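Written out below as structure tokens is the structure these notes cover.
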Amino acid sequence: TGIVLQNENMVIENNLFRYNAYENIGLGPTSFDEGGYARNIIIRNNVFENSTWINKFQAQEGTISAFYSYHELHGGIPVMRAYNMDIVIENNVFKDLINGAHVMAISLRNAQDVIIRDNQSINVRQEMNIAANSTKNIVVEWSLNWQEVGKNMYHLLLAGISHPLS
């Protein structure tokens, strides 16, 4: 992962992320027993190109991902809470994210109060995965500048179920 944010009050702006095998930006801890959470984060005016081709966690992964984090058990079952918060992802370009069925622009879990707006995708297999069981207050205003890849259209994925938005 290029940048892992486990802190507060960060702006990631005007960067080119290219040819990273894993996520370009990770939000929150990468395991249950480490680090803090991402809070008050702005990710804007960046280009994310041809990345995330290695499926490290055997899950759907975004070039921007909020990582899974299980910090407590309830009846032996991990409880996922929306600890990453107050995040804005805007005016970014996602390009050539097609190297595997797991690849997408943005993957959110354990997050709340997130605004995703005015982003563009070009030659992207999937735009987003938003895990309904660990997120809340997610606002999506995606730019419709996208191109079809094969038979996959613009999708918002909620808990693994694909819903066309157009």
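Note that the structure is predicted; figures quoted are calculated from it, not measured. Start at 1 with the first residue, then count along the sequence.
- Ring planes of Phe94 and Phe48: parallel class, angle under 30° (limits at 30 and 60°).
- When the side chains of ILVMFWY residues are joined at heavy-atom separations under 4.5 Å, either directly or via intervening members, Val88 and Met10 end up in two distinct hydrophobic clusters.
- Considering every non-hydrogen atom in both Glu23 and Asn20, the closest pair reads O-ND2, 3.3 Å.
- A distance of 9.0 Å separates CD1 of Ile106 from CD of Glu127, quoted to the nearest 0.5 Å.
- For the residue pair Asn9/Asn40, the side-chain donor-acceptor check at 3.5 Å is satisfied.
- The line from CD1 of Ile98 to CE of Met104 is 14.5 Å long, rounded to the nearest 0.5 Å.
- Under the rule for a side-chain contact (heavy atoms from CB on, under 4.5 Å), the partners of Asp86 that lie at least two apart in sequence or sit in another chain are Asp113.
- Residues meeting the side-chain hydrogen bond (donor to acceptor under 3.5 Å, both in side chains) test with Asn14, sequence neighbours left out: none.
- Residues meeting the side-chain hydrogen bond (donor to acceptor under 3.5 Å, both in side chains) test with Asn7, sequence neighbours left out: none.
- Scanning for side-chain hydrogen bond (donor to acceptor under 3.5 Å, both in side chains) contacts around Asn91 gives an empty result, with sequence neighbours left out.
- For the pair Ile64 and Ile43, the minimum side-chain heavy-atom distance is below 4.5 Å.
- Contact of the Val140 side chain with the Ile130 side chain is registered, since non-hydrogen atoms from C-beta on lie closer than 4.5 Å.
- For Asn84 (side chain) and Ala38 (main-chain N/O), a donor-acceptor pair under 3.5 Å exists by modelled atom type.
- In this structure, the separation between OG on Ser121 and NZ on Lys95 is 12.5 Å, given to the nearest 0.5 Å.
- Ile12 contributes atom CD1, which lies 5.0 Å from atom CG of Leu5 (distance to the nearest 0.5 angstrom).
- Side-chain contact between Glu49 and Thr63 is absent, with no heavy atoms from C-beta onward closer than 4.5 Å.
- Residues meeting the salt bridge (Lys or Arg N to Asp or Glu O under 4.0 Å) test with Glu8, sequence neighbours left out: none.
- Residues passing the side-chain hydrogen bond (donor to acceptor under 3.5 Å, both in side chains) test with Arg44 are Glu13, sequence neighbours excluded.
- In the hydrophobic clustering of ILVMFWY residues, with side-chain heavy atoms under 4.5 Å counting as a link, Ile42 and Val4 come out apart.
- By the 4.5 Å heavy-atom criterion applied to side chains, Leu108 and Ile116 are counted as neighbours.
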Residues Phe17, Ile25; criterion side chain to side chain contact (heavy atoms under 4.5 Å, CB included); working and verdict:
CA-CA 9 Å; Phe17 295 88; Ile25 297 176; 4.0 Å; yes
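- By the criterion of side-chain heavy atoms lying less than 4.5 angstrom apart, applied directly or through intervening Ile, Leu, Val, Met, Phe, Trp or Tyr residues, Ile122 is grouped together with Leu16 in one hydrophobic cluster.
- Put simply, the side chain of Arg109 never gets that close to the backbone of Ser65: no donor and acceptor are under 3.5 Å apart.
- Of the possible donor and acceptor atoms, one in the side chain of Asn119 sits under 3.5 Å from a partner among the backbone N and O of Asn92.
- Between Ala111 and Val114, the closest heavy-atom pair is CB-CG2, 4.0 Å.
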